[in-house]
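Notes to accompany the following structure.
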Amino acid sequence: VQLQASGGGLVQAGGSLRLSCAASGSILSIVDMGWYRQAPGKQRELAATITSDGSTNYADSVKGRFTISRDNLKNTVYLQMNTLKAEDTAVYYCNARGITTAQPMRHIPSSWGQGTLVTVSS
């Protein structure tokens with residue numbers, strides 16, 4: 001299973017970015033998908049997650065500004081980030097949990113994407 005993230009870049013404070021992460025690899029289903037972020041010198045932290053039925057969870061720091069969504073047919077998760085702040089600067093990693101694949105048939109507890117850098121200039 002591979003997760004390919006894209007959409008990071010440099011944006012001014014107050015601007016918007018949309019991240020995408022596509023999972024591939026004979027996938028039958030994914031229970032949870034989400035975005036985590038790691039700022040320089042800090043630990044990785046949750047930004048937002050979404051279940052297969054659309055239930056969402058957000059870190060308090062991004063509530064009201066970020067929106068997570070997913071396309072189950074495409075095994076893709078998105079993160080729409082609005083009103084970006086300098087403190088949102090981080091490498092954003094996508095994560096998939098509870099993956100079931102067909103060929104070969106197996107269950108993968110968790111898989112991470114390679115990360116995409118978001119830089120917000122103040």
Side-chain angles (χ1 to χ4, degrees):
V1 172
Q2 290 188 330
L3 274 69
Q4 183 67 46
S6 61
L10 173 64
V11 64
Q12 288 188 334
S16 299
L17 280 176
R18 188 185 191 222
L19 306 182
S20 300
C21 178
S24 61
S26 189
I27 296 171
L28 292 176
S29 63
I30 302 173
V31 176
D32 293 336
M33 300 187 80
W35 291 94
Y36 293 73
R37 64 185 186 180
Q38 187 167 16
K42 295 187 177 182
Q43 291 187 333
R44 191 175 298 187
E45 63 177 12
L46 176 145
T49 60
I50 185 169
T51 64
S52 57
D53 64 359
S55 297
T56 58
N57 181 46
Y58 295 94
D60 288 342
S61 58
V62 308
K63 281 181 181 177
R65 300 187 298 120
F66 290 10
T67 302
I68 190 170
S69 61
R70 66 187 279 181
D71 184 330
N72 291 329
L73 293 179
K74 296 181 179 180
N75 294 317
T76 299
V77 62
Y78 307 95
L79 187 67
Q80 177 66 43
M81 306 184 292
N82 298 329
T83 319
L84 283 160
K85 305 175 181 180
E87 50 263 43
D88 294 318
T89 294
V91 177
Y92 284 71
Y93 297 90
C94 62
N95 174 260
R97 296 185 180 182
I99 306 166
T100 300
T101 62
Q103 296 292 338
M105 176 67 76
R106 62 177 177 170
H107 178 75
I108 302 170
S110 179
S111 184
W112 290 90
Q114 84 283 9
T116 184
L117 177 62
V118 172
T119 304
V120 184
S121 62
S122 57

Rounded to the nearest 0.5 Å, what separates atom [atom1] in [X] from atom [atom2] in [Y]?
| X | Y | atom1 | atom2 | answer |
| --- | --- | --- | --- | --- |
| Gln12 | Ser122 | CD | OG | 10.0 Å |
| Arg70 | Cys94 | CZ | SG | 12.0 Å |
| Ile99 | Ser29 | CD1 | OG | 9.0 Å |
| Leu17 | Gln80 | CG | CD | 8.5 Å |
| Thr116 | Arg37 | OG1 | CZ | 14.0 Å |
| Phe66 | Thr56 | CZ | OG1 | 14.0 Å |

With no hydrogens and no angle check, is any side-chain donor or acceptor of [X] less than 3.5 Å from a backbone partner on [Y]?
| X | Y | answer |
| --- | --- | --- |
| Asp32 | Thr49 | no |
| Thr89 | Val120 | yes |
| Gln38 | Ala90 | no |
| Ser26 | Gln103 | yes |

Using the rule that Ile, Leu, Val, Met, Phe, Trp and Tyr join whenever any side-chain heavy atoms are under 4.5 Å apart, tell me whether [X] and [Y] fall into a single cluster.
| X | Y | answer |
| --- | --- | --- |
| Leu3 | Ile108 | yes |
| Val77 | Val91 | no |
| Leu46 | Ile30 | no |

### Query
Under the ring pair (Phe, Tyr, Trp, His ring centres under 6.0 Å) rule, what pairs show up with a residue in residues 76-103, not counting sequence neighbours?
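Qualifying pairs: none.
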Shortest non-hydrogen contact from [X] toward [Y]:
| X | Y | answer |
| --- | --- | --- |
| Asn82 | Ser16 | OD1-OG, 2.9 Å |
| Gly34 | Ile68 | CA-CD1, 4.0 Å |
| Pro104 | Thr101 | O-OG1, 2.8 Å |
| Val1 | Arg106 | N-NH2, 4.0 Å |
| Val11 | Gly15 | CG2-CA, 3.9 Å |

#### Entry: Test ring pair (Phe, Tyr, Trp, His ring centres under 6.0 Å) applied to Tyr36 - qualifying residues, sequence neighbours left out
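So Tyr36 forms a ring pair (Phe, Tyr, Trp, His ring centres under 6.0 Å) with Trp112.
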### Query
Does anything in residues 55-67 pair up under salt bridge (Lys or Arg N to Asp or Glu O under 4.0 Å), and if so which pairs, sequence neighbours excluded?
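Every pair satisfying salt bridge (Lys or Arg N to Asp or Glu O under 4.0 Å) with a residue in residues 55-67: Asp60-Lys63, Arg65-Asp88.
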### Query
Do Ser110 and Asn95 get their side chains close enough for a donor-acceptor pair, meaning under 3.5 Å?
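Asn95 and Ser110 do have a side-chain donor-acceptor pair below 3.5 Å.
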